[in-house]
There are 2 protein chains.
Amino acid sequence: MRDLARAVNLQGGSLYAHIDSKEELLFELVNRAAARFIAMAEAVPPTLTIRERLERLVEGHLEVIAEELGSATVFFHEWKFLSPALQAKVKALRDRYQAYWLEVIGEGVRRGELEVEDVHTATLFVLSALNWTYQWYRPGGRLSLEGLSRQYAQLILAALRAK
Amino acid sequence: MRDLARAVNLQGGSLYAHIDSKEELLFELVNRAAARFIAMAEAVPPTLTIRERLERLVEGHLEVIAEELGSATVFFHEWKFLSPALQAKVKALRDRYQAYWLEVIGEGVRRGELEVEDVHTATLFVLSALNWTYQWYRPGGRLSLEGLSRQYAQLILAALRAK
DNA sequence: CAAGGTGCCTAACAAACGTTCGGAAGAACC
DNA sequence: GGTTCTTCCGAACGTTTGTTAGGCACCTTG
């Protein structure tokens, strides 16, 4: 907390004029990150083809991670340290986001545009590959965000056997 | 440290009859996990087909994660908190493991059995998908380890456009 | 101008942290 | 049989942790 305070030019105790607890702060951060993922996903028009929707989702997901690498790291790691009540709230958002992906992939399979053995496992596979990028992707690195998005979309569409 | 001590029926201070520091303990754990991944990979006979080698690597990777979910979690998260010197040692092992995967995938591409735009990105993609499983896979869950391995191998081979 | 509110400080709190130390009890070795 | 070694305890150390409290300076509002 004293580190956070210093980062905004305050003394440790002064933070508590603005927040109630460290946990509230953590929740706020994690919650905002989750909300960004959902907002991104729900902004993708369902009228597009499955392929296009997936491409947009991949790009959007990687964009959110890239734009706030710091928050993303906290988002993926520290939500476990929230109280059960707050943890449940975050989990609800996460599930909603995952359900969105599942829905898109499921719809693709139903239309015969994708082909996977199990939609649930396939969804987890895709999100796993995307989530882990926060571990190694660094803006300004060898790979641009656009390049990464394009290649990842390609790999994911191939994995889902897109026609 | 007091928690760790209690887990082996000792008092906090008594641990220090056996170890030098908390960091040494963390390094030991992280190092062993890394070694397990490498040992698994290097036990896969290079005489097999590319497809078989990848299937074995996928299964092996998921097995290591599943067998020590706790260690895996620490391995993936806490290595960042080691001193630069120890961090470098771990990083060397991790790079060696990644290089092994890169070599197999690269060889597959060279032989025309796989087809990817960039071998390096494809390797990161595959390892990303595999690594993240520690976040959600739980033994005894909906999906058996065998089922998961088989499906993941299938998804990965499709992503790499295996012939 | 008085009154209240806001924003921040310094100081302190209790608890938890990693670690050290002296000593006690038992096992192993000459 | 005495000595050394090992294993562990209990207590303490200095630091860091999240958080609270009292007070000062400033701004806003009646």
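The sequence lines fix the lettering, A, B, ..., with proteins before strands; numbering per chain opens at 1.
- Each of Arg2(A) and Gln11(A) was assigned the nucleotide of DNA chain C with the nearest heavy atom; the assignment lying further toward the 5' end belongs to Gln11(A).
- Look at CG on Asp20(B): it is 9 Å from P on dT20(C), rounded to the nearest Å.
- OP1 or OP2 of dC8(C) has at least one side-chain nitrogen or oxygen of His18(A) nearer than 4.0 Å.
- Taking the six-membered ring where the residue is Trp, Phe76(B) and Tyr134(B) present tilted rings, their angle falling between 30° and 60°.
- In terms of phosphate contacts, Ser14(A) brings no side-chain nitrogen or oxygen within less than 4.0 Å of OP1 or OP2 of dG7(C).
- The distance from atom CG of Leu15(A) to atom C1' of dT20(D) is 13 Å, rounded to the nearest whole Å.
- A straight line from CD1 of Ile19(B) to C1' of dT7(D) spans 15 Å, rounded to a whole angstrom.
- Separating the CE atom of Met1(A) from the C1' atom of dC8(C) is a distance of 15 Å, rounded to the nearest angstrom.
- The side chain of Tyr16(A) places no N or O atom within less than 4.0 Å of a non-bridging phosphate oxygen (OP1 or OP2) of dT20(D).
- Mapping Gly13(A) and Asp3(A) onto DNA chain D by nearest heavy atom places Asp3(A) at the nucleotide closer to the 5' end.
- If you take CG of Leu26(A) and C1' of dG18(D), they are 14 Å apart, rounded to a whole angstrom.
- Tested against His61(A), the residues Tyr137(A), Tyr97(A), Tyr152(A), Trp132(A) include a single ring pair (Phe, Tyr, Trp, His ring centres under 6.0 Å) partner, Tyr97(A).
- Electrostatic pairing of Arg32(A) and Glu68(A) does not count as a salt bridge here, judged by no charged N lying under 4.0 Å from a carboxylate O.
- Arg6(B) places its CZ atom 11 Å from the P atom of dA16(C), with the value rounded to the nearest Å.
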**OP:** Take Lys163(B) and Glu115(B) through the side chain to side chain contact (heavy atoms under 4.5 Å, CB included) test and state the conclusion after the steps.
**Re:** CA-CA 9 Å; Lys163(B) 304 294 180 250; Glu115(B) 190 187 334; 3.1 Å; yes
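- Spacing between atom CG of Leu10(B) and atom C1' of dG10(D) amounts to 13 Å, rounded to whole angstrom units.
- Here dC17(C) presents its P atom at 16 Å from CZ of Phe81(B), a figure rounded to the nearest Å.
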